Amino acid sequence: MSVSELSPTRPLGSISGFLQVASLLGLVLLLLKVVQLYLHRQWLLKALQEFPSPPSHWLFGHNQQLPKDQELQRLLKWVEEFPCACPRWLWGSQVIFMVYDPDYMKVILGRSDPKSHVFYRFLAPWIGYGLLLLNGQKWSQHRRMLTPAFHYDILKPYVGIMANSVQVMLDKWEELISQDSHLEIFEHVSVMTLDTIMKCAFSQPGSMQTDRNSQSYIQAIGDLKNLFYNRVRNFFYQNDIIYWLTPQGRWNHQSCQVAHEHTDQVIKLRKAHLQEQEELEKVRRKRHLDFLDILLFARMKNGSPLSDKELRAEVDTFMFEGHDTTASGISWILYALAAHPEHQERCRKEVQSLLGDGGSITWDHLDQMPYTTMCIKEALRLYPPVPGVGRELSKPITFPDGRSLPKGVIVSLSIYALHHNPKVWPNPEVFDPSRFAPGSDTHSHAFLPFSAGSRNCIGKQFAMNELKVAVALTLLRFELMVDPFRIPIPIEEVVLKSKNGIHLQLRKLL
């Protein structure tokens, strides 16, 4: 055998050749991707040429101009400068078309454009494809299926459950302020609204407000919202494979597991309870089923029940939306009333004249608090729980002023910017409940705390009832004052929250 036959040169040469081909192929693919992104950017620039915006960086977009803790405040300056709508560049090839004009809102919400898959898909590992993320025929089926869960016959007895959960929270506050009158309320309100939704929609016994496991679920939800915000704004996190290899991706996965363990346990307990013949017969005699029971007894058009995946997606969706958005609303309303003591006192007198000092509240009382309702709506205008919703245009659109957009543009309906638009609401930063006095002349799409159109919030009546119950009972027990050293900074993380919490000073009323 010759020496040349034993030489390793040939295998090494083969490997070297393979690496060269692979490198060349990788370079070609990279160049193709760069060209694709460049062409997409040019298409976007042409599509948006009728809509000016502040100068943006070709790579970083407007992100450097909009740091998280100042984003909402700086956006309001854009609202004053650019009428109706404005493109917001996230990076070189990704833009969101922000809308904050009621006429523009009406046109878009009157259509059936789908939710934007580009960003909403980031929520799918957490809440699955339930009512929030579904589109088309599947969404219509699920919406029709779940609408009976919000019939007024179902909502009426919930008022007593809501009141009991609020009283447990207020009892806890009374104990806490005996040591320190300053209190961060958002976390307490979140546990209370979770307790309420667990009892109302999911038929859960016991109290989440005394269950330490509820804290891990609420912490996981907070983490997932923050992670979603970060991912949307990071170019490198758009790719699933890259994202799940990062520390934030692994954190997201762990938080999803915590949230899913909670909802899986809820479903498991209810299924076990329905195995008891007495409970099953009781449910079957009901004219209207609760939310979870509707899902468990549901049959699709082909006669099959919901799959376990579909079932958990709807439970995850409503578990989150049914407690977190409401917690945001209640917390910001209480802050607004603390910041405006004259309106707080007028609301308190109205509630006292209706309920006395006993605090027993019923369904019939909810429509007998006109001034309190006006204050709640004005607080929702200033601090909408859901600051924005997204759509992806499924066909071209022309707005009332003649400007237009092509199919494929991602639109953000900025409810926060709409509610602070000085062309829609004069002196928008002033807390003025008279804006919502009976007979007030406002545009049908000027006030959208629950969105509008066919995809409006399915639980808006449930939410309004809970807001009224929580505000009324709180005002009977406490005087609310702002903590002057910790003024909340509104930020958007799926829902409206405060960067530094919502701190109030409470004084027990005699």
Side-chain angles (χ1 to χ4, degrees), residues 1-49 53 55-64 66 87-97 113-126 128-129 133 135-136 224 226-257 309 390-396 405-412:
M1 184 179 290
S2 66
V3 174
S4 61
E5 290 176 318
L6 296 174
S7 172
T9 305
R10 186 174 297 172
L12 289 174
S14 300
I15 293 171
S16 176
F18 172 77
L19 290 175
Q20 288 176 355
V21 171
S23 299
L24 183 61
L25 182 60
L27 182 60
V28 169
L29 291 175
L30 179 62
L31 288 173
L32 286 173
K33 187 64 178 177
V34 169
V35 170
Q36 181 191 30
L37 294 174
Y38 173 77
L39 292 175
H40 185 62
R41 176 177 171 81
Q42 295 305 306
W43 178 82
L44 288 170
L45 288 169
K46 184 178 179 181
L48 299 166
Q49 61 186 349
S53 69
S56 63
H57 190 275
W58 68 272
L59 179 60
F60 301 116
H62 289 116
N63 284 337
Q64 293 176 316
L66 299 169
R88 175 188 173 176
W89 291 88
L90 294 178
W91 52 84
S93 60
Q94 188 61 265
V95 67
I96 296 174
F97 183 74
D113 298 299
K115 295 287 182 77
S116 168
H117 178 71
V118 174
F119 298 124
Y120 276 97
R121 68 183 178 88
F122 298 153
L123 294 172
W126 164 21
Y129 283 91
L133 301 189
N135 289 304
L224 286 165
N226 182 47
L227 291 164
F228 172 78
Y229 176 95
N230 293 338
R231 188 176 183 189
V232 165
R233 285 153 181 78
N234 190 315
F235 172 79
F236 298 103
Y237 286 174
Q238 304 305 298
N239 182 277
D240 288 343
I241 295 174
I242 293 174
Y243 181 67
W244 296 118
L245 292 174
T246 66
Q248 288 219 0
R250 293 192 292 271
W251 185 7
N252 189 305
H253 178 70
Q254 292 165 1
S255 298
C256 283
Q257 285 185 313
K309 189 176 181 180
R391 298 286 188 271
E392 185 171 339
L393 298 183
S394 57
K395 57 185 178 182
L405 290 173
K407 171 185 175 181
V409 172
I410 297 173
V411 175
S412 171

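Values reported hereafter were calculated over all heavy atoms of this structure, with side chains retained and with hydrogens, waters and symmetry mates removed. Since the model is a prediction, treat every value here as computed from it, not as a measurement.
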Exercise. Does a side-chain heavy-atom distance below 4.5 Å link W58 with R41?
Worked result: yes

For this session: Answer whether the closest heavy-atom distance between the side chains of N252 and C256 falls below 4.5 Å.
Result: yes

Exercise. Do the rings of W43 and H40 sit parallel, tilted or perpendicular, given the 30° and 60° boundaries?
Worked result: parallel

Quiz item: cation-pi between [X] and [Y], 6.0 Å / 45°:
{"X": "R231", "Y": "Y243", "answer": "yes"}
{"X": "R121", "Y": "F119", "answer": "no"}
{"X": "R233", "Y": "W91", "answer": "no"}

[atom1] of [X] to [atom2] of [Y]: how many Å apart, nearest 0.5 Å?
{"X": "K115", "Y": "I410", "atom1": "NZ", "atom2": "CD1", "value": "13.5 Å"}
{"X": "Y237", "Y": "F228", "atom1": "OH", "atom2": "CZ", "value": "15.0 Å"}
{"X": "L32", "Y": "L27", "atom1": "CG", "atom2": "CG", "value": "9.5 Å"}
{"X": "L30", "Y": "K33", "atom1": "CG", "atom2": "NZ", "value": "10.5 Å"}
{"X": "N230", "Y": "F122", "atom1": "CG", "atom2": "CZ", "value": "12.0 Å"}
{"X": "H57", "Y": "W89", "atom1": "NE2", "atom2": "CH2", "value": "13.5 Å"}

Look at the side chain of [X] and the backbone N and O of [Y], then say whether any donor-acceptor pair between them is shorter than 3.5 Å.
{"X": "H62", "Y": "R88", "result": "no"}
{"X": "Y120", "Y": "G390", "result": "yes"}
{"X": "Q238", "Y": "N234", "result": "yes"}
{"X": "N135", "Y": "P114", "result": "no"}
{"X": "R391", "Y": "V411", "result": "no"}

Taking every non-hydrogen atom, the tightest pair across [X] and [Y]:
{"X": "S93", "Y": "L37", "result": "OG-CD2, 3.4 Å"}
{"X": "G128", "Y": "L133", "result": "O-CD1, 3.2 Å"}
{"X": "L393", "Y": "L405", "result": "CD1-CB, 3.8 Å"}
{"X": "A124", "Y": "Y129", "result": "CB-CE1, 3.5 Å"}
{"X": "N239", "Y": "I241", "result": "OD1-N, 3.0 Å"}

Exercise. Counting heavy atoms not belonging to L19, are there more than 12 under 6.0 Å from its CG?
Worked result: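 Yes - once you tally the heavy atoms of other residues, nucleotides and ligands closer than 6.0 Å, there are more than 12.
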
For this session: Assess whether atom NE2 of H253 is packed by more than 12 heavy atoms of other residues, nucleotides or ligands within 6.0 Å.
Result: no

For this session: Show your working on side-chain contact (heavy atoms from CB on, under 4.5 Å) between V95 and L45 and close with a plain yes or no.
Result: CA-CA 10 Å; V95 67; L45 288 169; over 6 Å; no

For this session: Tell me yes or no: between the side chains of K46 and Q49, is some donor less than 3.5 Å from an acceptor?
Result: no

